[in-house]
Peer 1: 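Structure in structure tokens, see below.
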Amino acid sequence: MKDLVEKEIRQKAQTLYNYMDDVEAKPIPFKGDWGFSTTIAFKIAGTQKGNFHNALKEISETLASNLEFGKEVSRVETVNGYINIYLNANTYAQNVIKTILNTQYGKGVTKKDKIMVEYSQPNTHKAFHIGHLRNTCLGASLVDVLRYAGYSVVAANLINDTGAHVAKWLWCYSTYHKAEAPPEKKSEWLEHIYVEATQKLAKNPEYELQVKKMLQRLEQKDPEVTKIWEQTKQWSMDEFHRIYSELGVQFDVYFYDSTLYEEGKEIVQELVEKEIAEESEGALIIDLDHLLGTDDVYKTFVVLRSDGTALYQTKDLALAKRKFEGYGIDRSIYVVGSEQKLHFQQVFKTLELAGFKQAKKCYHLSYELVMLKGGKMSSRLGNIVFYDDLYSEVYEEALREVEKRDIVQENKEETARMVSMGAIKFSMLRKDNNKVIVFDPKEAVNFEGQTGAYVQYAHARASRILEKDAYDLNAMEFEELTVQERNLLEVLTKFPDSVEQSAERYKPSIMATYVFDVAKAFNEFYHACPVLQAEPATKNARLALVSATTRILKSGLQLLGIEAPERM
RNA sequence: GCCCCUGUAGUUUAGUGGAUAUAAUACGGGCCUGCGGAGCCUGUGACUCGGGUUCGAAUCCCGACAGGGGCACCA
């Protein structure tokens with residue numbers, strides 16, 4: 001409908017005023033008025049000479065009187081230059097509900113771009129913490145949102161299974177924990193050894209040499225080291241797969257650092273031959289500012305350690321190429337924390353200098369950190385909040401809540417699982433990417449207000465009504481629509497736009513906010529408008545409306561990776 | 001010092017140039033035995049400051065101020 005309104009305005013603006021730009025219709029911002037509004041008269045008046053306000057008045061009135069719509073529009077009027085198009089509520093409501101129930105509402109048209117989204121990127125030999133959780137929720141949701149918006153998407157993960165942190169871990173393990181097997185909680189145990197290594201090195205810097213040696217042996221595929229590495233790495237991988245399955249996250253491709261550094265080193269050699277990379281203090285570097293003619297922006301970029309071992313950036317150069325060459329993608333998105341912004345600018349600029357054409361199609365989707373009240377999480381300080389601990393705490397709280405209600409007799413554990421997972425994911429997604437999340441344990445176990453549980457609850461309530469009676473779409477007839485019905489319907493019609501916005505701007509937070517708005521509108525409707533007790537005609541119409549609402553809630557939640565329980 | 005991000009009710013937050021700034025939470029006051037009170041209604045309360053662009057600025061530009069992150073062999 002919005003499209004139709006926009007199209008009609010665009011057409012008349014063209015024929016009457018030769019106005020070629022795009023036209024946007026927005027909802028009339030006043031409570032109780034249902035329809036669309038456009039500010040086009042302001043824009044046309046702005047291009048004309050003479051008195052602005054006279055022109056504005058004349059244009060808006062001429063345009064308004066020339067607009068022609070079908071029976072879904074009740075009237076058109078102008079107010080201070082705004083042109084308001086009021087909807088015929090009953091007819092429009094019927095069409096909206098039918099569209100929602102009979103089509104894949106909000107599903108974008110198939111787009112030609114194939115996009116790779118790389119996210120999660122856990123480090124083996126370390127624990128999965130709430131920082132990874134934000135990344136993983138964000139990436140997983142983005143994949144779903146982009147797919148729903150019509151893109152073809154490859155979900156990729158990069159396992160950081162080699163490098164300095166692994167060498168540090170292996171050193172500590174083989175000198176102090178030789179042949180030790182992990183306990184049941186592998187994740188935490190792995191992390192402990194890493195922390196122990198860091199502490200030992202801080203106290204005795206002379207051990208650094210041993211770690212360095214370990215890294216070299218690892219890269220040279222020393223059989224003894226490789227054997228331990230493979231075994232211990234597997235423990236990490238087991239944990240990751242368990243966690244991904246709990247989160248309901250799936251990847252199409254797994255990349256491993258350990259399979260990238262050799263190719264990375266070759267690329268570095270080419271860069272040396274092209275005189276892009278040069279030697280400095282034994283290491284190979286790229287003086288980006290010098291090459292690009294900038295001043296202190298891109299800094300120097302180290303691409304190979306002085307002992308010949310690879311860095312993260314060495315591998316990233318190879319990975320960028322492998323993505324485009326191996327998967328036929330048009331765009332490559334890296335979901336990585338904002339603290340690595342400079343790193344990716346350096347990687348992409350280097351690729352550009354090296355003549356890699358798709359360098360401009362690489363995009364670092366940065367998001368802000370998850371912090372604690374006291375500041376950053378750090379292994380050294382031992383203040384990391386692990387995913388496993390967070391989950392069990394929230395789960396216990398959800399289970400206590402569930403047990404208070406006799407509506408859920410069976411599947412208490414399953415319901416608690418859905419609710420706790422929903423709470424965690426929603427809290428990770430509802431904020432804008434570039435805002436810091438300060439993790440608060442009290443807030444994490446809260447199921448009131450702007451939370452996943454609130455949205456799920458609305459869905460459960462709506463589902464329960466539908467269990468109790470059936471409706472006939474063809475006989476749907478609204479009498480006078482109540483404010484709450486109109487408001488709910490208006491919110492429902494915004495779904496396609498929210499999908500598109502989330503996808504184009506890479507912001508699942510838009511979908512989270514949207515889904516909350518739907519739940520809010522539904523709860524208001526629920527209290528004001530009886531469904532099952534209403535007169536037959538109204539009951540039928542309201543049942544259809546409730547049904548449409550559950551559809552949207554479920555689809556929206558799904559795009560966030562959140563399940564929609566029917567009872568809770 | 002340089003680069004990036006963020007400044008909106010006490011706190012958390014929506015808002016990619018349009019009318020009366022969106023919610024949550026906290027605090028105060030209410031909700032009839034009507035589909036489930038993880039809910040609803042109601043009151044109090046906000047655009048960091050100074051310039052500029054524009055018919056119109058929370059939104060764009062410039063400059064302050066405040067917080068966070070990054071800047072050579074970590075990822």
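All chains are named by letter (A, B, ...) in the order of the sequence lines, taking the proteins before the strands, and each is independently numbered beginning at 1.
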Peer 1: CG of A/Asp497 versus C1' of B/G15: gap in Å, rounded?
Peer 2: 14 Å

Peer 1: Start at the 5' end of RNA chain B and walk down; is the nucleotide closest to A/Val402 or to A/Asp517 reached first?
Peer 2: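 Nearest-nucleotide comparison on RNA chain B picks A/Asp517.
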
Peer 1: What's the shortest heavy-atom distance between A/Val419 and A/Ala453, and which atoms?
Peer 2: CG1-CB, 4.3 Å

Peer 1: Between the protein and nucleotides 9-13 of chain B, list every N/O to N/O distance that falls short of 3.5 Å.
Peer 2:
{"from": "B/U12", "atom 1": "O3'", "to": "A/Lys431", "atom 2": "NZ", "distance (Å)": "3.0"}
{"from": "B/U12", "atom 1": "O2'", "to": "A/Arg430", "atom 2": "NH2", "distance (Å)": "3.3"}
{"from": "B/U13", "atom 1": "OP1", "to": "A/Lys431", "atom 2": "NZ", "distance (Å)": "2.3"}

Peer 1: Measure up the A/Tyr312 and A/Phe344 rings against each other and bin them: parallel (under 30°), tilted (30 to 60°), perpendicular (over 60°).
Peer 2: perpendicular

Peer 1: In whole Å, I'd like the distance from the OH atom of A/Tyr367 to the C1' atom of B/C5.
Peer 2: 15 Å

Peer 1: For A/Glu563 and A/Arg417, what are the C-alpha separation, side-chain angles and deciding distance, and is it a salt bridge (charged side-chain N to carboxylate O under 4.0 Å, His left out)?
Peer 2: CA-CA 10 Å; A/Glu563 290 165 273; A/Arg417 185 191 63 76; 3.2 Å; yes

Peer 1: Mind checking A/Phe30 for me? I need base, sugar-phosphate or nothing, with any heavy atom below 4.0 Å counting as a touch.
Peer 2: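 A/Phe30: base contact, heavy atoms under 4.0 Å.
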
Peer 1: Can you check whether A/Tyr194's main-chain N or O pairs, donor with acceptor, with A/Lys126's side chain at less than 3.5 Å?
Peer 2: no

Peer 1: With rounding to whole Å, what would you report as the distance between B/G56 and B/A14 at their P atoms?
Peer 2: 29 Å

Peer 1: Return each pair, listed once, that meets salt bridge (Lys or Arg N to Asp or Glu O under 4.0 Å) where at least one residue sits in residues 436-461 of chain A; pairs must be two or more places apart or across chains.
Peer 2: A/Lys373-A/Asp440

Peer 1: If you take all heavy atoms of A/Ala503 and A/Ala149, which pair is closest and at what distance?
Peer 2: CB-CB, 3.5 Å

Peer 1: Are A/Tyr82 and the base of B/A19 stacked, counting only ring centres nearer than 5.5 Å and planes tilted under 30°?
Peer 2: yes

Peer 1: Can you tell me how the ring of A/Tyr256 sits relative to the ring of A/Tyr254, calling it parallel under 30°, perpendicular over 60° and tilted otherwise?
Peer 2: parallel

Peer 1: Rounding to an integer number of Å, can you tell me how far A/Ile44 CD1 sits from B/G18 P?
Peer 2: 17 Å

Peer 1: When the C1' atoms of B/U16 and B/U11 are considered, how many whole Å apart are they?
Peer 2: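 Looking at atom C1' only, B/U16 and B/U11 are 26 Å apart.
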
Peer 1: Suppose we call two aromatic rings close when their centres sit under 6.0 Å apart. Are A/Phe447 and A/Tyr454 close by that rule?
Peer 2: no

Peer 1: Are A/Tyr363 and A/Tyr506, when compared by the centres of their aromatic rings, separated by less than 6.0 Å?
Peer 2: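 Ring centroids of A/Tyr363 and A/Tyr506 are less than 6.0 Å from each other.
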
Peer 1: Do nucleotides 69-75 of chain B as a string where each nucleotide becomes B, S or -: B if the base has a protein heavy atom under 4.0 Å, S if just the sugar-phosphate does, - if no protein is that close.
Peer 2: SSBBBSB

Peer 1: A/Asp406 near the nucleic acid: base, sugar-phosphate alone, or nothing, with a heavy-atom cut-off under 4.0 Å?
Peer 2: nothing

Peer 1: Please determine whether a side-chain nitrogen of the Lys or Arg among A/Glu401 and A/Lys412 lies less than 4.0 Å from a carboxylate oxygen of the Asp or Glu.
Peer 2: no

Peer 1: Is the shortest distance from a Lys or Arg side-chain nitrogen in A/Arg486 or A/Glu490 to a carboxylate oxygen in the other one below 4.0 Å?
Peer 2: no

Peer 1: Using only modelled atom types and a 3.5 angstrom limit, is any donor from either the side chain of A/Ser509 or the base of B/A14 paired with an acceptor on the other?
Peer 2: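 Absent.
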
Peer 1: Scan A/Glu401 against the nucleic acid and name what it touches under 4.0 Å (heavy atoms): base, sugar-phosphate only, or nothing.
Peer 2: base

Peer 1: Could you check A/His53 against A/Thr39 and say which one's nearest nucleotide on RNA chain B is further toward the 5' end?
Peer 2: A/Thr39

Peer 1: Please work out whether the ring planes of A/His165 and A/His125 are parallel, tilted or perpendicular, with thresholds of 30° and 60°.
Peer 2: perpendicular

Peer 1: In residues 526-535 of chain A, what donor-acceptor pairs under 3.5 Å come from side-chain atoms, sequence neighbours left out?
Peer 2:
none

Peer 1: Rounded to the nearest angstrom, tell me the gap between atom CG in A/Asn487 and atom C1' in B/A23.
Peer 2: 13 Å

Peer 1: Quickly work out the A/Lys520 NZ to B/A14 P distance and round it to whole Å.
Peer 2: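 Spelled out: NZ on A/Lys520 to P on B/A14 is 17 Å.
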
Peer 1: Measuring from A/Lys425:NZ to A/Leu557:CG, what's the distance to the nearest 0.5 Å?
Peer 2: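 Answer for the NZ-CG pair, A/Lys425 versus A/Leu557, is 10.5 Å.
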
Peer 1: Within this structure, what is the CZ-to-P distance between A/Phe36 and B/A19, rounded to whole angstrom?
Peer 2: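 Taking atom P of B/A19 as the reference, CZ of A/Phe36 is at 17 Å.
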
Peer 1: Distances for protein N/O vs nucleotides 32-36 of chain B N/O pairs under 3.5 angstrom?
Peer 2:
{"from": "B/C35", "atom 1": "O3'", "to": "A/Lys468", "atom 2": "NZ", "distance (Å)": "3.1"}
{"from": "B/C35", "atom 1": "O2'", "to": "A/Tyr526", "atom 2": "OH", "distance (Å)": "3.2"}
{"from": "B/C35", "atom 1": "N3", "to": "A/Val531", "atom 2": "N", "distance (Å)": "3.1"}
{"from": "B/C35", "atom 1": "N4", "to": "A/Tyr526", "atom 2": "O", "distance (Å)": "3.1"}
{"from": "B/C35", "atom 1": "N4", "to": "A/Cys529", "atom 2": "O", "distance (Å)": "3.1"}
{"from": "B/C35", "atom 1": "N4", "to": "A/Pro530", "atom 2": "N", "distance (Å)": "3.3"}
{"from": "B/G36", "atom 1": "OP1", "to": "A/Lys468", "atom 2": "NZ", "distance (Å)": "3.4"}
{"from": "B/G36", "atom 1": "O2'", "to": "A/Tyr457", "atom 2": "OH", "distance (Å)": "3.0"}
{"from": "B/G36", "atom 1": "O2'", "to": "A/Arg461", "atom 2": "NE", "distance (Å)": "3.2"}
{"from": "B/G36", "atom 1": "O6", "to": "A/Met568", "atom 2": "N", "distance (Å)": "3.2"}
{"from": "B/G36", "atom 1": "N1", "to": "A/Met568", "atom 2": "O", "distance (Å)": "2.6"}
{"from": "B/G36", "atom 1": "N2", "to": "A/Arg405", "atom 2": "NH1", "distance (Å)": "3.3"}
{"from": "B/G36", "atom 1": "N2", "to": "A/Met568", "atom 2": "O", "distance (Å)": "3.1"}

Peer 1: Select base, sugar-phosphate, or nothing to describe what A/Lys43 touches, counting heavy atoms under 4.0 Å on all strands.
Peer 2: base

Peer 1: Would A/Glu208 and A/Lys212 pass as an ion pair if we require N to O under 4.0 Å?
Peer 2: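 No salt bridge links A/Glu208 with A/Lys212.
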
Peer 1: If you measure from the C1' atom in B/A57 to the same atom in B/C49, how many Å do you get, rounded?
Peer 2: 16 Å

Peer 1: Which whole-number value in Å describes the distance from A/Ile40 CD1 to B/C55 C1'?
Peer 2: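 So the CD1-C1' distance, A/Ile40 to B/C55, works out to 16 Å.
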
Peer 1: Pick the C1' atom in B/G15 and in B/U8, then give their distance to the nearest Å.
Peer 2: 10 Å

Peer 1: Hydrogens and angles aside, do A/Arg542 and A/Thr538 bring a side-chain donor and acceptor to less than 3.5 Å of each other?
Peer 2: no

Peer 1: Between atom NZ in A/Lys507 and atom C1' in B/A14, what is the gap in whole Å?
Peer 2: 12 Å

Peer 1: Determine the interatomic distance between C1' on B/G39 and the same-named atom on B/U54; round to the nearest Å.
Peer 2: 45 Å

Peer 1: Rounded to whole angstrom, note down the P distance from B/C35 over to B/U22.
Peer 2: 33 Å

Peer 1: Where does RNA chain B form stems of at least three consecutive Watson-Crick or G-U wobble pairs, each pair having both distances below 3.5 Å?
Peer 2: B:1-7 with B:65-71, B:10-12 with B:23-25, B:27-31 with B:39-43, B:48-52 with B:60-64

Peer 1: Quantified in whole Å, what is the C1' atom distance between nucleotide B/C55 and nucleotide B/A23?
Peer 2: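 B/C55 and B/A23 have their C1' atoms separated by 31 Å.
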
Peer 1: Rounding to the closest angstrom, what is the interatomic distance between B/U12 and B/G17 at atom C1'?
Peer 2: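 B/U12 and B/G17 have their C1' atoms separated by 27 Å.
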
